[in-house]
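Throughout, a chain's letter reflects where its sequence line sits, starting with A, and its residues are numbered from 1.
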Protein chains: 2
Amino acid sequence: MYNQADARIVIIEDDETIREGYAYLINHTSPYTVVSTYPSFDIARHKIIKDNPDVIILDIQLPGTSGIDALPVLKKLFPHVYIIMLTVYETEKIILDALANGASGYFTKNTSSVKIIEAIKEVMQGGGPMSPDVAKTVIMSLQKNQNSPLTKRETQILELISKGKDRGEIAQELFIEIETVKTHVKNIYIKLNVNSKSEAINIARQNRLI
Amino acid sequence: MYNQADARIVIIEDDETIREGYAYLINHTSPYTVVSTYPSFDIARHKIIKDNPDVIILDIQLPGTSGIDALPVLKKLFPHVYIIMLTVYETEKIILDALANGASGYFTKNTSSVKIIEAIKEVMQGGGPMSPDVAKTVIMSLQKNQNSPLTKRETQILELISKGKDRGEIAQELFIEIETVKTHVKNIYIKLNVNSKSEAINIARQNRLI
DNA sequence: AAAATATACCCCTTTAAGGGTGAAAAGAAG
DNA sequence: CTTCTTTTCACCCTTAAAGGGGTATATTTT
């Protein structure tokens with residue numbers, strides 16, 4: 001574990017005001033040190049190696065290589081680095097991708113530097129901070145659609161299909177006959193207006209039925 | 001949208017100190033009103049109807065009906081209520097279940113009442129607050145195992161399999177031959193020591209390979 | 001140079017998928 | 001108490017996919 005007071009921060013953000021603003025505030029109102037700031041990942045790419053950062057604050061909308069594409073590169077360069085993403089966008093896919101690709105935290109740009117400093121502390125302690133709107137997106141992605149056209153049993157079977165189970169396995173698991181499973185599957189297809197497992201899973205995922 | 005200052009809060013929590021502590025602090029240091037507090041859901045069950053709460057602070061470890069089981073009941077009673085979960089536990093399954101079942105926020109009990117009040121504000125504004133440790137769990141659940149025995153291509157194909165795609169669809173999507181897909185699938189099976197799609201998906205999910 | 005990865009092709013047999021139709025039993029809702 | 005929905009089960013059919021075996025060759029990475 002790093003000594004928190006020694007934490008070395010790097011900021012990669014193209015907007016100079018935001019970049020230098022955060023840097024100034026972190027340096028003057030926190031125990032952390034901003035060792036470098038860069039306006040793009042392409043500029044940071046080689047110089048960052050000698051920065052040896054503990055935490056990187058990474059914008060997503062960067063000129064050249066995007067923050068999303070920079071993520072895996074930085075993770076490979078510094079396997080133990082904590083990365084806090086910064087963005088104006090908050091579409092579900094981008095957020096989920098960033099988190100799935102190793103971001104430790106995720107904030108939108110209306111976040112005060114106080115919260116960012118708090119976030120640095122949290123990631124250094126192993127937490128996974130996110131701003132409320134981001135958390136909301138993540139929570140929503142975990143919640144299911146309540147207006148499903150599918151019955152409980154159909155949803156249950158579709159979930160098992162999405163786990164790759166075949167008719168036989170589903171029948172065994174639910175203590176019903178294979179023929180019954182077939183009937184349910186056929187009804188699912190009719191309701192979702194599809195005619196294959198893959199289509200059904202895709203439509204269901206799009207509509208959060210499963 | 002409710003007027004925030006009118007927000008009616010109900011607390012369901014068996015520990016009297018915590019319950020009355022939060023109630024007192026919310027009533028005296030926030031614009032919100034704690035209209036009722038209950039030591040269990042079973043006691044709250046009928047009385048809560050006339051409380052007409054906007055936000056419910058719900059403990060998970062309750063005597064009798066657990067907070068997890070109370071969640072769907074409360075959601076049915078008050079479809080638009082925001083529920084903030086409170087718990088000492090923070091196992092991945094419990095947290096994910098609560099969020100998937102309609103909880104708007106999730107905090108562990110080492111959370112200060114200041115943060116709870118902040119959380120009430122956030123949920124009223126449509127946010128999805130969670131404490132850093134909870135966020136960490138959620139993020140981890142989105143992140144994949146880095147020590148995968150599978151190659152990139154194999155992982156990619158396994159992901160498509162998990163979406164229900166068959167060999168032909170995978171081949172089309174990746175611009176490769178069906179036979180190539182077959183070879184990859186065979187190698188995946190060997191590496192994961194399985195011999196069917198469903199087993200492969202299960203093993204991979206267990207180990208966060210996909 | 002060696003190892004890992006991605007690609008492609010052949011053989012083979014078994015099993016699952018998808019579609020059509022009908023109908024009994026259990027539950028929920030009026 | 002009856003009507004509607006859900007869940008259950010059955011038998012028909014054809015085609016497509018799955019799974020197992022082996023072999024081989026670019027390409028990339030180490």
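Residues in residues 170-184 of chain A take part in these salt bridge (charged side-chain N to carboxylate O under 4.0 Å, His left out) pairs, two or more places apart or across chains: K165(A)-E173(A).
Counting to the nearest Å, the C1' atom of dA26(C) and the CZ atom of R153(A) are 13 Å from each other. One interatomic measurement links the two molecules: CG of L158(A) to C1' of dA17(C), which rounds to 15 Å at whole-angstrom precision. Rounded to an integer number of Å, the gap from CD1 of I190(B) to C1' of dT5(C) is 14 Å. For the pair I176(A) CD1 and dA25(C) C1', the interatomic distance rounds to 15 Å; values are reported in whole Å.
When V73(B), L74(B), V81(B) are each tested for a side-chain contact (heavy atoms from CB on, under 4.5 Å) with I48(B), only one passes: L74(B). Applying side-chain hydrogen bond (donor to acceptor under 3.5 Å, both in side chains) to Q156(B) and the options E159(B), E154(B), R153(B) leaves one that passes, R153(B).
No donor-acceptor distance shorter than 3.5 angstrom exists from the side chain of D54(A) to the backbone of Y82(A), with no hydrogens or angles considered. Of the possible polar contacts, none joining the Y32(B) side chain to the V55(B) backbone as a donor-acceptor pair under 3.5 Å is found. Side-chain N or O atoms of D59(B) include none that pairs as donor or acceptor with a backbone N or O of L62(B) at under 3.5 Å.
The CD atom of E199(B) sits 10.0 Å away from atom CG of L192(B), with the distance rounded to the nearest 0.5 Å. Note that the CD atom of E169(A) and the CG atom of L160(A) stand 9.5 Å from one another [nearest 0.5 Å].
Boundaries of the chain A contact region on DNA chain D are dT6(D) to dC12(D), first to last in 5' to 3' order (nucleotide atom under 4.0 Å from a heavy atom).
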So which protein N/O to nucleotides 9-16 of chain C N/O distances come out below 3.5 Å?
unit_1: dC10(C); atom_1: N4; unit_2: E179(B); atom_2: OE1; d: 3.3

Please produce a list of atom pairs where a protein N or O lies less than 3.5 Å from an N or O of nucleotides 1-4 of chain C.
none

Output a table of nitrogen or oxygen pairs between the protein and nucleotides 27-30 of chain C separated by less than 3.5 Å.
none

For this session: Assess whether side-chain contact (heavy atoms from CB on, under 4.5 Å) is satisfied between I157(B) and L174(B), documenting all intermediate values.
Result: CA-CA 9 Å; I157(B) 286 171; L174(B) 302 181; 3.6 Å; yes
Problem set entry | Derivation and outcome, side-chain hydrogen bond (donor to acceptor under 3.5 Å, both in side chains), residues T37(A) and E20(A) | CA-CA 8 Å; T37(A) 71; E20(A) 299 308 327; 3.1 Å; yes
For this session: Assess whether side-chain contact (heavy atoms from CB on, under 4.5 Å) is satisfied between N52(B) and R8(B), documenting all intermediate values.
Result: CA-CA 7 Å; N52(B) 193 227; R8(B) 301 166 65 83; 4.3 Å; yes
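Heavy atoms only, all atoms of each residue included: I9(B) and I26(B) are closest at CG1-CG2, 4.5 Å.
Judged by distance alone, the side chains of D51(B) and Y38(B) do bring a donor and an acceptor atom under 3.5 Å apart. No hydrogens or angles considered: nothing links the side chains of Q61(A) and S66(A) as a donor-acceptor pair under 3.5 Å.
Around atom CD of Q172(B), no more than 12 heavy atoms belonging to other residues, nucleotides or ligands sit under 6.0 Å away.
The rotation axes computed at either terminus of the helix from dA1(C)-dT30(D) to dG30(C)-dC1(D) lie 80° apart, taking five pairs at each end and rounding to 10 degrees.
The phosphate of dT5(C) (OP1 or OP2) has no side-chain N or O of N187(B) nearer than 4.0 angstrom.
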